[in-house]
Amino acid sequence: VLSGKMNKMYPKIQQTILVSIATVIGAQISFNLFRTDFTISIGVMAFPIALVLFGKYRVLPATFLSAAGVFASRILMHWMQSGEVDFYKYVPELVFYLVYGFLFYIYCRKNDYEISVHSTVPLFLADFCSNLIELLTRETTYGFDWRMLLSIFLIAVSRTVIIVAVLVFLNYYKFSL
């Protein structure tokens, strides 16, 4: 009986790990827009795209693994470049991934893990709010102004447009794993 349950759980665990790995790898494709410590990446786009590819998957475990993986990879890269370990510098990005994952989880639960072009506004709001909270965690050392708000607005719009385009493409060609 236990092995039967494990056989059913294995694909879900595998999907969770794959989403997390894709997020961590995607987070390495990044750039700095208006501050050197505020990194914009495509990693978070793995969450909604995985929903089309895999169907329902365990969003919260993928969130925690992704956030920890991105956090660890940022610290490792910083250490390799500077020889120093700086945990605090990357806590706001950790917060971003946790908030985005939690908001995405709420969306998935509320919408029975269905995602489509009609998900545009919730995806945008999750992205924008997560970036806003990340910026607020950095607020202790930097001023906060309308240019930053405009920047995170444009970042959220850009990532959402890319996600929706990928979703349309995947749905049009009926691509899934």
Side-chain angles (χ1 to χ4, degrees), residues 1-30 39-77 87 90-134 137 152 155-177:
V1 174
L2 184 58
S3 65
K5 286 183 181 180
M6 287 302 292
N7 285 339
K8 289 180 183 177
M9 283 180 50
Y10 183 72
K12 294 292 183 192
I13 293 170
Q14 197 174 26
Q15 290 170 349
T16 301
I17 292 169
L18 283 172
V19 172
S20 301
I21 290 170
T23 303
V24 173
I25 291 171
Q28 304 315 307
I29 302 168
S30 61
T39 305
I40 310 303
S41 74
I42 65 168
V44 76
M45 293 168 43
F47 286 99
I49 292 170
L51 207 52
V52 172
L53 294 175
F54 299 131
K56 185 178 179 179
Y57 70 93
R58 297 171 184 229
V59 175
L60 284 181
T63 295
F64 295 125
L65 286 173
S66 297
V70 171
F71 182 67
S73 70
R74 294 281 190 241
I75 291 169
L76 179 64
M77 294 301 288
F87 292 102
Y90 300 102
V91 168
E93 191 170 5
L94 173 74
V95 169
F96 167 81
Y97 279 94
L98 292 173
V99 171
Y100 185 93
F102 183 70
L103 293 174
F104 186 67
Y105 172 75
I106 291 170
Y107 168 81
C108 288
R109 290 291 303 243
K110 188 172 172 83
N111 293 283
D112 199 30
Y113 291 83
E114 294 294 323
I115 194 157
S116 69
V117 175
H118 304 290
S119 309
T120 303
V121 172
L123 289 173
F124 164 78
L125 289 173
D127 196 310
F128 180 78
C129 291
S130 300
N131 273 321
L132 182 61
I133 291 170
E134 178 183 355
T137 61
I152 63 172
I155 291 163
V157 166
S158 300
R159 272 198 291 234
T160 303
V161 166
I162 293 168
I163 290 169
V164 169
V166 170
L167 294 176
V168 167
F169 175 82
L170 293 174
N171 284 328
Y172 181 78
Y173 289 103
K174 300 192 184 340
F175 190 85
S176 67
L177 300 175

Colleague: Taking the side chain as every heavy atom from C-beta outward, state whether Val117 and Leu167 have any pair of such atoms under 4.5 Å apart.
Modeller: no
Colleague: When rounded to the nearest 0.5 angstrom, what is the spacing between OH in Tyr90 and CD1 in Ile75?
Modeller: 8.0 Å
Colleague: Enter the distance from Leu60:CG to Leu98:CG here, rounded to the nearest 0.5 Å.
Modeller: 10.0 Å
Colleague: At what distance, to the nearest 0.5 angstrom, does CD1 of Ile21 lie from OG1 of Thr16?
Modeller: 11.0 Å
Colleague: Other residues, nucleotides and ligands only: do more than 12 of their heavy atoms fall within 6.0 Å of CZ on Phe102?
Modeller: no
Colleague: Is the closest side-chain heavy-atom distance between Thr63 and Tyr97 below 4.5 Å?
Modeller: no
Colleague: What closest approach, in Å, do Ser20 and Ser66 show between heavy atoms, and which atom pair accounts for it?
Modeller: CA-OG, 3.2 Å
Colleague: With a sphere of 6.0 Å drawn around NZ of Lys56, does it hold more than 12 non-hydrogen atoms of other residues, nucleotides or ligands?
Modeller: no
Colleague: Taking all non-hydrogen atoms of both residues into account, name the closest pair between Val24 and Val70 and its distance.
Modeller: CG2-N, 3.7 Å
Colleague: Among all residues two or more places apart in sequence or in another chain, which pass the side-chain hydrogen bond (donor to acceptor under 3.5 Å, both in side chains) test with Tyr107?
Modeller: Ser119
Colleague: Indicate yes or no: at least one non-hydrogen side-chain atom of Phe96 is less than 4.5 angstrom from one of Ile133.
Modeller: no
Colleague: Heavy-atom distance under 4.5 Å between the side chains of Thr137 and Val91, does that happen here?
Modeller: no
Colleague: Check Cys108 against Val59 and note the closest heavy-atom contact, atom names and distance.
Modeller: SG-CG2, 4.1 Å
Colleague: Quick one: pull up CG in Leu51 and OG in Ser116 and give me the separation to the nearest 0.5 Å.
Modeller: 10.5 Å
Colleague: Start with the C-alpha gap between Val161 and Phe124, add the side-chain angles, then the distance that decides, and say whether side chain to side chain contact (heavy atoms under 4.5 Å, CB included) holds.
Modeller: CA-CA 9 Å; Val161 166; Phe124 164 78; over 6 Å; no
Colleague: Rounded to the nearest 0.5 Å, what's the gap from CD1 on Ile42 to CD1 on Ile29? Could you check?
Modeller: 4.0 Å
Colleague: Closest approach of Thr23 and Ala46, non-hydrogen atoms and distance?
Modeller: OG1-CB, 3.4 Å
Colleague: Does Leu125 form a side chain to side chain contact (heavy atoms under 4.5 Å, CB included) with Leu103? I'd like the steps, not just the answer.
Modeller: CA-CA 9 Å; Leu125 289 173; Leu103 293 174; over 6 Å; no
Colleague: Hey, what's the ring geometry for Tyr57 with Phe54, parallel, tilted or perpendicular (30° and 60° as the breaks)?
Modeller: perpendicular
Colleague: Does the side chain of Ile163 reach to within under 4.5 Å of the side chain of Phe47, using non-hydrogen atoms?
Modeller: no
Colleague: Begin from the C-alpha positions of Phe104 and Ile115 and carry the test side chain to side chain contact (heavy atoms under 4.5 Å, CB included) through to its verdict.
Modeller: CA-CA 11 Å; Phe104 186 67; Ile115 194 157; 4.1 Å; yes
Colleague: Side chain of Arg74, backbone of Ala27: donor and acceptor closer than 3.5 Å?
Modeller: yes
Colleague: For the atom pair OH (Tyr100) and CZ (Phe128), what is the distance rounded to the nearest 0.5 Å?
Modeller: 14.5 Å
Colleague: Pairs in or reaching into residues 107-133: which pass salt bridge (Lys or Arg N to Asp or Glu O under 4.0 Å), with residues at least two apart or in two chains?
Modeller: Asp127-Arg159
Colleague: Shortest non-hydrogen contact from Leu94 to Ala68?
Modeller: CD1-N, 4.2 Å
